[in-house]
Amino acid sequence: KFLDGIGEAKSVLIKGELGIGKTWLKNKLIQSFDGADVYVFENSCYQFEKEHRLKTWKDITFDLLRIAKQDRIRIPSSIYQFVRFHSEPGANGNGDHLQDVRLEDSIGLMNRDNFEYLIVTLLNTISEEKKIVVSFEDIHWMDVDSISILISILSRIDPQKIMFVF
């Protein structure tokens with residue numbers, strides 16, 4: 001339904017006992033998007049990262065910015081106040097495509113709300129070009145801020161364009 005855009009799309013939570021095959025099932029679902037016109041972003045959460053604020057989202061944000069740059073997706077100018085970048089005149093002639101993002105330099109200065117705004121804006125902007133699937137493995141290891149952002153994001157995206165798999 002997600003790929004066809006019919007019906008009500010939903011995010012997917014796979015849960016079960018240790019060793020029952022959750023990762024296998026998630027991988028099968030992700031593989032079903034092979035060859036489709038969909039961006040797939042995958043990330044694993046680890047126990048040691050629970051103490052590292054927003055680590056899970058930083059990785060996804062880097063991937064989103066990389067795709068925006070690679071596919072020359074125009075990022076709203078409001079993002080520029082959160083991310084320091086250098087721009088070079090591009091194929092569109094007006095010099096506003098993302099050339100070099102230094103998110104790591106900016107991320108420590110962002111509060112949770114600004115970082116959430118950055119992620120939501122990137123997801124919604126990029127999903128205008130192609131549907132997006134974001135997969136997190138072992139979300140029980142996410143830090144508190146990352147979980148809070150995830151909950152907020154789920155209510156601020158179009159489920160017909162963006163799907164989460166946990």
Side-chain angles (χ1 to χ4, degrees), residues 2-3 5 8-15 26-27 29-30 33 36-87 90 96-166:
F2 177 69
L3 290 177
E8 188 175 340
K10 301 272 186 191
S11 290
V12 178
L13 172 65
I14 302 170
K15 65 181 196 169
K26 183 227 21 142
N27 289 340
L29 177 60
I30 296 299
F33 297 113
D37 198 23
V38 175
Y39 292 120
V40 177
F41 302 98
E42 295 184 79
N43 201 349
S44 294
C45 304
Y46 299 100
Q47 183 176 7
F48 70 89
E49 292 176 344
K50 196 163 180 106
E51 303 303 317
H52 297 276
R53 180 179 171 265
L54 303 173
K55 170 68 170 99
T56 305
W57 284 111
K58 288 177 189 177
D59 295 341
I60 294 293
T61 305
F62 283 123
D63 290 342
L64 290 166
L65 289 165
R66 180 185 49 77
I67 286 295
K69 178 180 177 182
Q70 172 186 308
D71 290 359
R72 298 189 185 278
I73 298 170
R74 187 176 179 160
I75 301 298
S77 60
S78 59
I79 290 302
Y80 301 143
Q81 59 187 297
F82 301 119
V83 181
R84 195 177 74 199
F85 70 96
H86 301 284
S87 113
D96 63 355
H97 78 279
L98 208 52
Q99 180 60 27
D100 184 24
V101 175
R102 290 187 179 22
L103 182 62
E104 196 62 43
D105 294 342
S106 304
I107 204 111
L109 304 174
M110 289 185 200
N111 66 31
R112 195 197 71 78
D113 292 338
N114 287 348
F115 192 60
E116 178 182 323
Y117 173 79
L118 171 66
I119 296 165
V120 168
T121 303
L122 288 170
L123 285 169
N124 286 331
T125 301
I126 293 170
S127 70
E128 291 297 320
E129 300 295 320
K130 288 185 191 178
K131 292 182 182 229
I132 296 175
V133 175
V134 180
S135 172
F136 291 113
E137 181 86 18
D138 294 326
I139 65 167
H140 59 278
W141 294 124
M142 264 190 190
D143 65 277
V144 174
D145 282 339
S146 291
I147 291 171
S148 177
I149 286 175
L150 174 61
I151 291 167
S152 179
I153 285 174
L154 289 172
S155 67
R156 296 174 61 198
I157 58 160
D158 182 348
Q160 297 294 336
K161 294 180 181 179
I162 303 169
M163 171 192 262
F164 283 88
V165 179
F166 315 103

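Each residue takes its place number in the sequence, starting with 1.
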Handout entry: Intermediate values then yes/no, side chain to side chain contact (heavy atoms under 4.5 Å, CB included), I119 and I60
Key = CA-CA 9 Å; I119 296 165; I60 294 293; 5.6 Å; no
Practice task
Evaluate the criterion side chain to side chain contact (heavy atoms under 4.5 Å, CB included) for residue pair M142 and F166; output intermediate values, then yes/no.
Solution key: CA-CA 12 Å; M142 264 190 190; F166 315 103; 5.7 Å; no
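Taking T56 as the reference, nothing meets the side-chain hydrogen bond (donor to acceptor under 3.5 Å, both in side chains) condition, with sequence neighbours excluded. Applying the side-chain hydrogen bond (donor to acceptor under 3.5 Å, both in side chains) criterion to D145, with sequence neighbours excluded, gives R53. Residues satisfying the side-chain hydrogen bond (donor to acceptor under 3.5 Å, both in side chains) criterion with E42, sequence neighbours excluded, are K26. Here F136 pairs with W57 under the ring pair (Phe, Tyr, Trp, His ring centres under 6.0 Å) rule; sequence neighbours left out. Annotation: side chain to side chain contact (heavy atoms under 4.5 Å, CB included) contacts of E128 (sequence neighbours excluded): K161. D71 is linked by a side-chain hydrogen bond (donor to acceptor under 3.5 Å, both in side chains) to Y39, counting only residues two or more places apart in sequence or in another chain.
Counting only distance, with no hydrogens or angles, the side chain of T125 and the backbone of L122 share no donor-acceptor pair below 3.5 Å. Looking only at distances, a side-chain donor or acceptor of S155 sits under 3.5 Å from a matching main-chain atom of S152.
L123 contributes atom CG, which lies 5.0 Å from atom CD1 of I132 (distance to the nearest 0.5 angstrom). In this structure, K58 NZ and S146 OG are separated by 9.0 Å, a value rounded to the nearest 0.5 Å. Within the model, atoms CD1 of I75 and OG1 of T121 stand 9.0 Å from one another, a figure rounded to the nearest 0.5 Å. Note that the OG atom of S148 and the CD1 atom of I153 stand 9.5 Å from one another [nearest 0.5 Å]. Rounded to the nearest 0.5 angstrom, L64 CG and I126 CD1 are separated by 4.5 Å. Taken to the nearest 0.5 Å, the CZ atom of F164 stands 6.5 Å off from the OG atom of S11.
Within the structure, the salt bridge (charged side-chain N to carboxylate O under 4.0 Å, His left out) test picks out the following pairs touching residues 115-125 (sequence neighbours left out): R112-E116, E116-R156.
Residues N124 and D158 share a closest heavy-atom pair of OD1-N, 4.3 Å.
Residues L154 and L150 meet the side-chain proximity criterion, which asks for heavy atoms closer than 4.5 Å.
Each of L29, V134, V40 was scored for a side-chain contact (heavy atoms from CB on, under 4.5 Å) with V165, with one residue passing: L29.
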